[in-house]
Amino acid sequence: MMQAMLVARVTLRELWVTFRLVLLLAAFIGGSAVATLLPGASTTLLDRLAALLAVATAISAALAAWTMAANRTAGRAGWLVSRSVTRHGYLAGLFCGVAGVGVFGAAASMLLGWLAALSLPVPPAAPVLAAALLAAVGAVLAAIAIGMAVGALLQPLPSAIVAGILVAAGWFAIATAGTLLAGGALSVPSIGRMLAAPTAFADALRFAGAALLTAALALTLAVVAIDRAEL
């Protein structure tokens, strides 16, 4: 646990120094601010918010993959492992560091979505918003876990591209299938009706469960990959 916390602090400092932390927060908060402040109908605003939140999630996967691959290829991960930090402890700390920023950004983005949803004819109930936030956080955790797994295998630039494409393709599949997008409370294209739907709470919980399961599976793959990777 102490090893993971140490690596998480180092990761946050690295993200800050390299401006990746600013980029990640800007993707979530900046995109959501633009989506909600531009003029348009309530449902249109939330549609834009859903799309931009999906883009921010893909960016978080790309940044997680880049960070993992860059630390691995530059020898920073190996330096920590040579000083009593286990590979699994390093992976856990790196995940916690990147995920902490991503979860904060997702929560801020969902807060802006909630403020925009207040102008709907039938605002969503508090339990629906809570389930939506859980689903959004689950989606971000899954994206970052996927990025970690890819970054443990590839070089920085290819890993960022592959991770971003994988997560973006997942969002596209969800959107075209007509299921909930961007955290349960945000759907494409009938977002206004979905927010007021009687099954919105259950749908958001199902989405959250699927996202968290995906995160667990991706982290398992990342553990296997980092055990075999050269640090």
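Only a predicted model underlies this, so the values are computations on that prediction, with no experimental measurement involved.
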> If you look at every heavy atom in Gly97 and Leu15, which pair is closest and at what distance?
Replying inline: O-CD1, 4.4 Å
> With sequence neighbours left out, what residues match Thr220 under side chain to side chain donor-acceptor pair (under 3.5 Å)?
Replying inline: none
> Which pair of non-hydrogen atoms, one from Ala108 and one from Ile29, has the smallest distance, and what is that distance?
Replying inline: CB-CG1, 3.7 Å
>> Is there a side-chain contact between Val22 and Trp16 in this structure, where contact means two heavy atoms from C-beta onward sitting under 4.5 Å apart?
In response: yes
> Can you get from Val137 to Leu213 by hopping between Ile, Leu, Val, Met, Phe, Trp and Tyr side chains that sit under 4.5 Å apart?
Replying inline: no
>> So, using side chain to side chain donor-acceptor pair (under 3.5 Å) as the criterion, who are the partners of Ser109 when residues are at least two apart?
In response: Ser32
>> So which atom in Ala106 and which in Ala136 form the shortest heavy-atom distance, rounded to 0.1 Å?
In response: CB-O, 4.5 Å
> Which is it for Val101 and Phe28 under the side-chain contact (heavy atoms from CB on, under 4.5 Å) test, yes or no, and what are the steps along the way?
Replying inline: CA-CA 10 Å; Val101 180; Phe28 281 104; over 6 Å; no
>> So which atom in Thr57 and which in Ala139 form the shortest heavy-atom distance, rounded to 0.1 Å?
In response: CG2-O, 3.8 Å
>> Could you report the tightest heavy-atom contact between Ala143 and Ala61, atom names first, then the distance?
In response: O-CB, 3.2 Å
> Quick one: are Leu63 and Leu23 in side-chain contact, heavy atoms under 4.5 Å?
Replying inline: yes
> To the nearest 0.5 Å, how far apart are OG1 in Thr11 and CG in Leu21?
Replying inline: 11.0 Å
> Considering all heavy atoms of both residues, which atom of Ala163 and which atom of Ala65 are nearest to each other, and what is their separation?
Replying inline: CB-CB, 3.8 Å
>> What's the separation between atom CG in Leu53 and atom OG in Ser60, rounded to the nearest 0.5 Å?
In response: 9.0 Å
> Between Leu212 and Leu141, is a side-chain contact (heavy atoms from CB on, under 4.5 Å) present by the stated rule, with each step listed?
Replying inline: CA-CA 7 Å; Leu212 292 175; Leu141 293 179; 4.1 Å; yes
>> Please determine whether residues Leu12 and Trp79 belong to a single hydrophobic cluster, defined as Ile, Leu, Val, Met, Phe, Trp and Tyr linked transitively by side-chain heavy-atom distances below 4.5 Å.
In response: yes
> With Thr67, which residues qualify under side chain to side chain donor-acceptor pair (under 3.5 Å), at least two apart?
Replying inline: Arg20
> Listed by chain and number, what are the side-chain contact (heavy atoms from CB on, under 4.5 Å) partners of Leu166, not counting sequence neighbours?
Replying inline: Ile146, Val150, Val162
>> Which residues pass the side-chain contact (heavy atoms from CB on, under 4.5 Å) test with Ala225, not counting sequence neighbours?
In response: Ala152, Leu153
>> Under the rule for side chain to side chain donor-acceptor pair (under 3.5 Å), what residues qualify as partners of Arg76, not counting sequence neighbours?
In response: Asn71
> Roughly how far apart are Ile226 CD1 and Leu219 CG, rounded to 0.5 Å?
Replying inline: 11.0 Å
> If you link I, L, V, M, F, W and Y whenever their side-chain heavy atoms are under 4.5 Å apart, who else ends up in the same group as Trp66?
Replying inline: Leu157, Ile161, Ile165
> Leu221 versus Met148: any side-chain heavy-atom pair under 4.5 Å?
Replying inline: no
> Taking side chain as C-beta onward, heavy atoms only, is Thr73 less than 4.5 Å from Pro156?
Replying inline: yes
> What pairs meet the side-chain hydrogen bond (donor to acceptor under 3.5 Å, both in side chains) rule with one or both residues in residues 131-159, with sequence neighbours excluded?
Replying inline: none
>> Please enumerate all residues that pass side-chain contact (heavy atoms from CB on, under 4.5 Å) together with Ala208, with sequence neighbours excluded.
In response: Leu134, Ala135
>> Using the side-chain contact (heavy atoms from CB on, under 4.5 Å) criterion, which residues pair with Val223? Sequence neighbours excluded.
In response: His88, Leu91, Asp227
> What do the steps show when you test Arg72 against Tyr90 for side-chain contact (heavy atoms from CB on, under 4.5 Å), and what is the final call?
Replying inline: CA-CA 11 Å; Arg72 181 174 54 81; Tyr90 173 76; over 6 Å; no
